[in-house]
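Lettering follows sequence order; numbering is per chain, from 1. Values below: all heavy atoms of this structure, side chains included; hydrogens, waters and symmetry mates excluded.
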Amino acid sequence: MIDSAKNLKRSSVEREGTQDHKRVKTDGDAKMEAKWNPYLAHYKEDRDNEGFRSPLDDFERHKTTALQAANAESEDNNPWTGNPHSQQYFNILKTRRDLPVQKQRQEFLDMYHKTQILVFVGETGSGKTTQIPQYVLYDELPHQTGKLIACTQPRRVAAMSVAQRVANELDVDLGEEVGYSIRFENRTGPKTLLKYMTDGQLLREAMHDHDMSRYGCIILDEAHERTLATDILMALLKQIAERRKDLKIIVMSATLDAQKFQTYFFNAPLLAVPGRTHPVEIFYTPEPERDYVEAAVRTVLQIHAGEPEGDILLFLTGEEEIEDACRRIGLEVDDMIRESDAGPMAVYPLYGTLPPHQQQRIFDKAPAATRKGGRPGRKCIVSTNIAETSLTIDGIVYVVDPGFSKQKIYNPRTRVESLLVSPISKASAQQRAGRAGRTRPGKCFRLYTENAFKKELIEQTYPEILRSNLANTVLELKKLGVEDLVHFDLMDPPAPETMMRALEELNYLACLDDDGELTTLGGMASEFPLDPALAVMLISSPEFYCSNEILSITSLLSVPQIWVRPNNARKRADEMKQQFAHPDGDHLTLLNAYHAYKGAEQSGEDVKKWCHEHFLSFRHLSSADNVRAQLKRIMEIHEIELMSTPFQDKDYYTNIRRALLAGFFMQVAMRESSTSKVYKTVKDDQLVMIHPGTVVTSPYDWVVYNEFVLTTKQYVRTVTNIRAEWLLVSSPLPLSSSRCGSNDANYAQEIAPNYYDVDSFEKGEIKSALTRITEKIRRRQATRAGR
DNA sequence: GAGCACTGC
């Protein structure tokens, strides 16, 4: 095996001897593959260096050695393109060969040749994400087979940045031999052989290609994170592996739980490589801490006072807590500087909803000593879990871990997902501690007892699939061709009740029929990257003459809050929001803001400035625009008509409000009494208040809401006034000027005949109210008929 | 009159 840099470049004399203008070797099969595989169709034709003879021509698939590959990598010309290698390439090659994983390349290949499924474990810094796919590339030879190599990542940024890195390592242009595919961006082309992608993206593809037939090898990276998409992919791949013996699968994970993956994948063999991290000393508190924020602030100050140079990372649970802690630390450090000549300290908050330029500040250098010979400065980052997985910060030497994070919990009985501050798992605690040892030996201060760590923390955080509403997942699985959900072999099967709830919800939405089969509507809904209720609302919207408007609202509901409300300008922000307020509710207010934004854009204004002045998030509004374009394309494919009720029409807003119900009829609440602020949700009987962020001031007795949030109280957020009649009997839409030339027969809509069968309601105020309203409608209809 | 851990399609 070639390990030293001096062997990287072989003599040019030797190379010239082998350049004999032979064409690239192809066999008939490969030509066939290349023909039907859309990714490789032009591969042969497009090769730039026709006369180039690649060392790969002598490679035999699944029989290559590490030495062969290393030799090919050391050639003057790129074996994949025929172009001469750049100097940068050789520089990178040198560092690649120092990675821990490099030593086991042959061992990896031996195992890869022998088995269909392989579990690969590598700690951070082992180089697995960049190197393993390249090792596979040199053995799988996708340019001969026409089958790509895919490597999945849980996050977009990772897919993009790793693809760029590997393109550099292979000395090719990103988007050519190496590319990536994420939502809104596909940077792959006809020459692409190795493709990084998000796990969700591969899942989307699988909906139309149940065998994942484009791929010869699929690598699932960061499998230990157990995202919903990874869990579903694993179960699918387990099935596909039986049907497609030619498909290779590699499951990559951090060390934890490797055995679970092995057992799950038919006792697949395991290969482990060490990482490259420094030791981290762990400290526990002798007694449990009552107030962890207080304890955390104190610990940070103690580190600053007593420990040598090095930056601090403190984990807390949410925005408010973090901002508060930052303020307190800042004040205390000022005192320390005055009283005991402490060094300066820069304190940075870090959480997901922080705008990117503020997130970037965490990478600033720590402040220098305030005067010559003074004590050195340091920085302290106070972060949510985002610093545990998504963002790595070099230079951290001290980690303070109070042992909590906000986690999503799903209660299938009430159908409510909520965020709850909960103790983290042992695996999380280890991950956090590891953040202290990336550049040199570090220390981790756990603000709980050693006994609590050992006895009270669970081993692993529960996978997402056990903590989520599965309506979307079940719909996806149906579309993926999974017939038997009960026996679908998930690594951690969710509670049967969660599954039942999802099936029930999809049945009410008419996405599944009474036999649990996918309906036409369900099939269409699964094509949209949306929750089923939103998808159904969007698909039904032409029946209410307002698909343009519902498309906008759907997009706005799919991105983070567009309303900006800085702490120092809340009042002005609220006043601005009032300019867009629609008396009938928050959905219409969103729409008004969006229309104003588009108006500003069209009149050539500086939109960023306009957004800033109006306390709207430019970032989120433009992202909504992106989503809108994607959804619009899907609507066009399915010939879902785009139309609007004329704005002058008195029913413009009414039609939109009714259309909301086509998807959200299960998210309706009735006011307890005409003077009360408390509402009761339909069927679940939860007592809720309207979230204070609403614009609704004169609420009707009935509202439809977008989301249920559980914080200090139970709130419903983004609400719109509705009339209960709309829920009940077929009451045709007013067909004034709003017809738009469509087929009238479709427009006598019953929103959800099954759900609002009043007889099926439990006895109570809601049932009596609905019964009264039904009676009223009947009387009215009878009077009309009798006239 | 309160607050949004983090991803992804």
Once you round it to whole Å, what is the distance between [atom2] of [N] and [atom1] of [X]?
X: A:Ile232; N: B:dT7; atom1: CD1; atom2: P; answer: 19 Å
X: A:Ile182; N: B:dT7; atom1: CD1; atom2: P; answer: 14 Å
X: A:Arg226; N: B:dG8; atom1: CZ; atom2: C1'; answer: 17 Å
X: A:Leu203; N: B:dC9; atom1: CG; atom2: P; answer: 11 Å
X: A:Phe528; N: B:dG8; atom1: CZ; atom2: P; answer: 22 Å
X: A:Leu475; N: B:dG8; atom1: CG; atom2: P; answer: 21 Å
X: A:Asn385; N: B:dC4; atom1: CG; atom2: P; answer: 16 Å
X: A:Leu631; N: B:dC9; atom1: CG; atom2: P; answer: 13 Å

Should [X] be listed as having a side-chain N or O under 4.0 Å from OP1 or OP2 of [N]?
X: A:Thr198; N: B:dC9; result: yes
X: A:Lys406; N: B:dC4; result: no
X: A:Arg717; N: B:dC4; result: yes

Taking the side chain as every heavy atom from C-beta outward, state whether A:Thr498 and A:Asn469 have any pair of such atoms under 4.5 Å apart.
no

Using a cut-off of 4.0 Å on non-hydrogen atoms, how would the nucleic acid contact of [X] be classed: base, sugar-phosphate, or nothing?
X: A:Arg204; answer: base
X: A:Lys408; answer: base
X: A:Thr317; answer: sugar-phosphate
X: A:Ile386; answer: sugar-phosphate

Nearest-nucleotide 5' precedence on DNA chain B, A:Pro692 against A:Thr384
A:Pro692

For A:Val157 and for A:Glu320, locate the closest nucleotide of DNA chain B by heavy-atom distance; then report the residue assigned to the nucleotide nearer the 5' terminus.
A:Glu320

Please say whether the positively charged group of A:Arg446, taken as NZ for Lys or CZ for Arg, lies over the ring of A:Phe453, i.e. under 6.0 angstrom from the six-membered ring centre and within 45 degrees of the axis.
yes

Does the Lys NZ or Arg CZ of A:Arg432 fall within the cation-pi geometry relative to A:Phe315 - under 6.0 Å from the ring centre and within 45° of the axis?
yes

If you check every side-chain atom of [X], which of [options] has the closest atom?
X: A:Pro529; options: B:dC9, B:dG1, B:dT7; answer: B:dC9
X: A:Lys677; options: B:dG1, B:dA5, B:dG8; answer: B:dG1
X: A:Arg183; options: B:dC9, B:dC4, B:dA2; answer: B:dC9
X: A:Arg570; options: B:dC4, B:dA2, B:dT7; answer: B:dA2

So that I know where these two stand, are A:Tyr292 and A:Phe404 an aromatic pair - ring centroids less than 6.0 Å apart?
yes

When you check the side-chain N and O atoms of A:Glu707 and A:Thr718, is any donor under 3.5 Å from an acceptor?
no

Taking the basic N atoms (NZ, or NE/NH1/NH2) and the acidic carboxylate oxygens, is any pair closer than 4.0 Å for A:Glu672 and A:Lys680?
no

